[in-house]
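Reviewing the structure listed below.
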Amino acid sequence: MDDGVLSNLREVREEIEGVAREVGRNPAEVQLVAVTKTVAIDKIVPVVQAGVNHLGENRVQELVDKHPHFSGAKWHLIGHLQTNKVKYIKDKVYLIHSLDRWPLAEELNKRAYTGETIDPFNVLIQVNISGEETKYGLEPSQVIDFIKEVAALPGLRIQGLMTMAPYETDPERVRPVFRELRLLAGQIAKEAIPGVTMQHLSMGMSNDFPVAIQEGATFVRVGSRVFGERT
Ligand SMILES: *Cc1c(COP(=O)(O)O)cnc(C)c1O
């Protein structure tokens with residue numbers, strides 16, 4: 001069983017490296033986040049043993065349940081985050097990919113404090129580039145103003161942008177989505193907003209991560225290509 005997962009992992013890693021090199025990028029700039037949603041602990045163990053230390057979950061409950069098994073890993077919350085669940089992930093989450101609204105920013109800011117001490121949450125802003133109604137995220141035109149407001153909160157550190165592309169059988173078709181996210185990050189970087197960096201672009205999943213890397217992804221979120229189809 002594990003053999004399948006490990007050979008999948010090897011393929012994915014080789015593809016990440018190969019594509020990065022092809023476009024003249026340093027493969028070390030592209031981090032694999034292994035998306036473990038619905039995957040049993042037993043199946044995750046060999047992947048972590050093989051050196052994968054960035055793990056992603058889209059639900060708070062699953063992240064909280066799995067965290068004690070891999071507490072040395074860097075945990076990414078990649079899915080929609082409800083305001084009332086923020087309290088459960090403090091001290092467990094390395095990066096939140098899905099900041100998309102002001103009340104969530106306020107709650108994160110509040111929870112970042114322990115008395116007078118601040119331990120900021122690292123966040124990416126989720127942007128709905130494709131405009132699909134079913135997707136979370138800010139409209140591109142709202143992002144700069146939103147970031148300027150959030151930048152004033154000491155409990156959050158904005159480190160870049162995240163998007164989800166629509167599913168397409170031909171991943172070439174989503175290239176414009178990834179490209180637009182990169183261009184938007186470039187515009188934001190030019191604003192030189194204090195405390196804000198655009199060092200990360202979280203984009204690309206099993207189906208389309210090679211295209212995302214060509215377009216500048218620094219985090220690719222890959223689930224089924226490593227662990228197999230979810231049931
Ligand atoms: C599930 C999920 C992924 C991974 O999806 P795969 O197609 O299995 O690679 C990536 N990002 C988010 C936000 C997800 O919810």
Side-chain angles (χ1 to χ4, degrees), residues 28-33 35 54-58 60 63 74-114 116-131 135-165 177-205 212-213 215-221:
E29 288 171 12
V30 185
Q31 186 64 59
L32 169 66
V33 178
V35 177
H54 289 260
L55 302 178
E57 279 291 340
N58 69 332
V60 165
L63 190 154
K74 296 182 162 91
W75 283 92
H76 297 247
L77 198 279
I78 60 176
H80 182 67
L81 176 54
Q82 285 174 267
T83 307
N84 62 1
K85 302 227 166 122
V86 168
K87 54 181 177 286
Y88 303 119
I89 58 173
K90 184 176 162 71
D91 303 327
K92 295 190 173 67
V93 72
Y94 170 77
L95 181 64
I96 295 168
H97 292 227
S98 51
L99 177 60
D100 61 355
R101 63 201 189 279
W102 179 250
L104 179 58
E106 280 183 309
E107 176 66 12
L108 288 165
N109 187 54
K110 185 173 118 193
R111 297 284 172 187
Y113 283 84
T114 313
E116 300 280 284
T117 316
I118 309 182
D119 185 13
F121 285 95
N122 295 320
V123 300
L124 306 180
I125 309 299
Q126 183 169 357
V127 188
N128 185 355
I129 298 281
S130 66
K135 292 245 175 358
Y136 290 105
L138 292 164
E139 280 175 37
S141 63
Q142 303 173 316
V143 173
I144 290 185
D145 285 345
F146 179 74
I147 289 181
K148 284 179 177 164
E149 286 182 55
V150 173
L153 303 176
L156 287 85
R157 256 194 312 247
I158 298 173
Q159 303 193 323
L161 306 179
M162 177 273 217
T163 200
M164 285 187 74
V177 171
F178 299 143
R179 182 166 296 171
E180 204 184 313
L181 195 73
R182 166 166 51 84
L183 294 174
L184 181 59
Q187 279 175 25
I188 296 162
K190 274 205 215 118
E191 300 271 323
I193 304 163
V196 173
T197 72
M198 284 290 125
Q199 61 187 304
H200 288 304
L201 290 177
S202 168
M203 55 191 196
M205 311 186 358
I213 293 168
E215 294 299 331
T218 67
F219 285 118
V220 289
R221 309 178 307 264

Please enumerate all residues that pass side-chain contact (heavy atoms from CB on, under 4.5 Å) together with N128, with sequence neighbours excluded. S130, K135

Option from L95, L81, I96 for which side-chain contact (heavy atoms from CB on, under 4.5 Å) with V123 holds: I96

The side-chain contact (heavy atoms from CB on, under 4.5 Å) partner of V220 among V35, I213, V33 is I213

Has the side chain of [X] got a donor or acceptor atom that lies under 3.5 Å from a matching backbone atom of [Y]?
X    : Y    : answer
S98  : Q126 : no
K92  : L63  : no
R221 : S202 : yes

Give the intermediate values and the outcome of side chain to side chain contact (heavy atoms under 4.5 Å, CB included) for residues M164 and Y136. CA-CA 9 Å; M164 285 187 74; Y136 290 105; over 6 Å; no

For residues [X] and [Y], report the shortest heavy-atom separation together with the two atoms involved.
X    : Y    : value
L201 : A185 : CD2-CB, 3.8 Å
N109 : G155 : OD1-N, 2.7 Å
A105 : V150 : CB-CG2, 4.0 Å
L124 : H200 : CD2-CB, 3.9 Å
I129 : P140 : CD1-CG, 4.2 Å
A212 : G204 : CB-CA, 3.5 Å

Roughly how far, to the nearest 0.5 Å, is [atom2] of [Y] from [atom1] of [X]?
X    : Y    : atom1 : atom2 : result
I147 : L184 : CD1   : CG    : 7.0 Å
I78  : E57  : CD1   : CD    : 7.5 Å
N84  : L104 : CG    : CG    : 10.5 Å
L156 : L99  : CG    : CG    : 6.5 Å
D91  : R111 : CG    : CZ    : 12.0 Å
D119 : T114 : CG    : OG1   : 7.0 Å

Pair F178-M203, side chain to side chain contact (heavy atoms under 4.5 Å, CB included): steps then yes or no: CA-CA 7 Å; F178 299 143; M203 55 191 196; 3.7 Å; yes

What donor-acceptor contacts under 3.5 angstrom involve side-chain atoms of residues 187-197, with partners at least two apart or in another chain?
unit_1 : atom_1 : unit_2 : atom_2 : d
E191   : OE1    : K148   : NZ     : 3.0
T197   : OG1    : Q199   : NE2    : 2.9

Stepwise, does the side chain to side chain contact (heavy atoms under 4.5 Å, CB included) test hold for I158 with M198? CA-CA 8 Å; I158 298 173; M198 284 290 125; 4.0 Å; yes

How are the rings of W102 and F146 set to each other: parallel, tilted or perpendicular (split at 30° and 60°)? perpendicular

Between H76 and H54, what is the ring plane arrangement, given parallel below 30°, perpendicular above 60°, and tilted in between? tilted

